[in-house]
Number of protein chains: 2
Amino acid sequence: MCILNTGGFAVEEKSISKAVIKRLPRYYRYLGELIEEGIERISSNELSAKMRVTASQIRQDLNNFGGFGQQGYGYNVPYLYEEIGKILGLDKTHHMIIIGAGNLGQALANYVKFEKRGFKIVGVFDINPVLKGISIRGNGIRMMSELPEFLQKEDVQIAALTVPKSSAAEIAELLVQNGIKAIWNFAHLDLNVPKDVIVENVHLSESLMRLSYNLTVAEQKEEK
Amino acid sequence: MCILNTGGFAVEEKSISKAVIKRLPRYYRYLGELIEEGIERISSNELSAKMRVTASQIRQDLNNFGGFGQQGYGYNVPYLYEEIGKILGLDKTHHMIIIGAGNLGQALANYVKFEKRGFKIVGVFDINPVLKGISIRGNGIRMMSELPEFLQKEDVQIAALTVPKSSAAEIAELLVQNGIKAIWNFAHLDLNVPKDVIVENVHLSESLMRLSYNLTVAEQKEEK
């Protein structure tokens with residue numbers, strides 16, 4: 001097994017392309033599945049066949065982090081899984097709050113796997129007084145008016161924003177003012193935040209439009 | 001205004017890169033906002049400032065579809081909005097079903113805007129008998145056993161899959177066997193479907209991991 005010190009590499013070494021970062025969680029998922037199947041070792045060719053990515057792409061991607069593979073042995077699955085987990089920051093616990101306790105917010109709050117990956121949901125907030133105190137997996141829904149004080153007392157890094165577009169910008173500002181470092185944005189607008197605040201967007205409408213585009217192209221082909 | 005026949009262009013002309021298609025829904029969103037603000041005309045420079053994309057990128061992207069802009073006039077907003085809508089297939093109505101009436105499935109079923117964009121939800125399915133008949137915006141939840149007959153009778157193109165990973169592969173196969181042409185996949189696995197079936201993935205865990213990666217890099221920078 002190749003021994004590699006990964007402490008702080010992501011900052012120190014050359015910057016990693018967005019495309020590679022986008023693919024890492026998929027590697028992590030497949031490696032997790034291999035572990036569940038009891039597979040300890042895999043060649044880039046075998047992994048390539050499973051993931052439908054070329055073996056050279058896999059080698060190239062993983063070389064960004066110094067490799068991990070060994071000629072003639074392949075990859076040590078649990079080791080690679082753990083290392084990619086570290087790269088993704090999954091070896092640490094991050095505290096997350098959810099703003100907006102509608103269906104989508106509740107879906108996130110109920111998703112057990114996030115906690116397994118180190119994302120601990122420590123609060124759920126809404127403006128609807130009817131929801132006040134209702135418990136979602138141990139978190140009583142709090143009112144938005146309690147948010148600033150909550151953030152000043154608690155150590156929270158991530159806020160998931162599942163509120164209507166109309167209130168998202170204002171809430172994002174409030175979050176940033178109160179020290180939130182990363183926003184997982186489900187609202188259908190681009191947030192205007194300081195550069196040091198991370199925004200990861202999930203625009204469901206845009207995803208559906210891409211599906212619609214591809215479906216339309218396929219339908220046009222079929223009509224010919 | 002530039003007059004342009006867009007009938008079937010997407011198939012006839014050179015294939016459009018995935019990156020451009022990925023950006024189109026964002027153009028559509030911004031143009032929709034401009035219309036709401038009563039703005040009829042915009043230059044690529046003004047649009048560039050709003051969208052934080054270079055003006056040359058905008059011109060290049062829209063040139064894929066023959067342009068739409070006119071020197072010295074800029075873009076006609078309602079016209080461009082409509083044309084991009086056509087490209088995305090939003091001028092047609094598509095019928096969609098939702099498989100899995102958990103929080104996420106209910107969030108999708110309750111999202112009014114999809115219908116405005118031409119995605120009509122015609123059925124919601126689950127395996128949980130407790131949910132049977134419960135109405136979500138006029139759609140009584142149906143049992144999975146009713147699905148094959150439903151798909152044979154009704155004209156459905158799209159299925160949103162919001163079920164656990166463990167049952168997603170089997171359900172996808174059933175959907176394809178019964179004529180579904182596009183799957184909006186929220187399950188955390190890659191579906192193995194025939195080439196002519198479109199799959200659009202929304203992997204929330206992977207999105208959260210990308211956020212975690214960026215947050216971790218930022219935290220490492222801060223520690224220095």
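Every value quoted in this text rests on a predicted model; they were computed, and no experiment measured them. Basis for what follows: all heavy atoms, side chains included, without hydrogens, waters or symmetry-related copies.
Distance CD/A:Glu219 to NZ/B:Lys181: 10.0 Å, rounded to 0.5 Å. We find the CD-CZ distance between A:Glu206 and B:Arg26 to be 7.5 Å, quoted to the nearest 0.5 Å.
Using non-hydrogen atoms only and a strict 4.5 Å limit, the part of residues 94-111 of chain B facing chain A consists of B:His94, B:Met96, B:Asn103, B:Leu104, B:Gln106, B:Ala107, B:Leu108, B:Asn110, B:Tyr111.
Closest non-hydrogen pair, A:Tyr213 versus B:Ile87, comes out as CD1-O, 3.2 Å. Residue A:Gln157 comes nearest to B:Leu215 through the heavy atom pair CB-CD2, 4.0 Å, listed as atom of the first residue, atom of the second, then distance. A:Leu204 and B:Trp184 get closest at one heavy-atom pair: O-CZ2, 3.3 Å. Listed here is the closest heavy atom pair of B:His188 and A:Glu33: O-OE2, 4.4 Å. A:Arg29 and B:Leu189 get closest at one heavy-atom pair: NH1-CA, 3.2 Å. The two atoms that bring B:Ile158 and A:Leu211 nearest to each other are CD1-CD2, 3.6 Å, heavy atoms only.
Heavy-atom contacts from other residues, nucleotides or ligands closer than 6.0 Å to NZ of A:Lys92 number more than 12. Within 6.0 Å of CD1 in B:Ile136 there are more than 12 heavy atoms belonging to other residues, nucleotides or ligands. For CD of B:Glu170, the number of neighbouring non-hydrogen atoms (other residues, nucleotides, ligands) closer than 6.0 Å is 12 at most.
When heavy atoms are compared at a cutoff of 4.5 Å, A:Arg117 approaches chain B solely by way of its side chain, counted from C-beta outward. Only the side chain of B:Lys165 comes within less than 4.5 Å of a heavy atom of chain A; its backbone N, CA, C and O stay farther away. Heavy atoms closer than 4.5 Å to chain B are found nowhere in A:Lys18, neither backbone nor side chain. Of the two parts of B:Tyr27, neither the backbone nor the side chain holds a non-hydrogen atom closer than 4.5 Å to a non-hydrogen atom of chain A.
By the 4.5 Å heavy-atom criterion applied to side chains, B:Asp190 and A:Met51 are not counted as neighbours. A 4.5 Å side-chain heavy-atom check between B:Leu90 and A:Met209 finds at least one atom pair inside the cut-off. With contacts defined as side-chain heavy-atom distances shorter than 4.5 Å, the pair B:Lys86/A:Thr216 does not qualify.
Between chain B and the residues A:Ile183, A:Leu208, A:Val202, the largest count of heavy-atom pairs under 4.5 Å involves A:Leu208.
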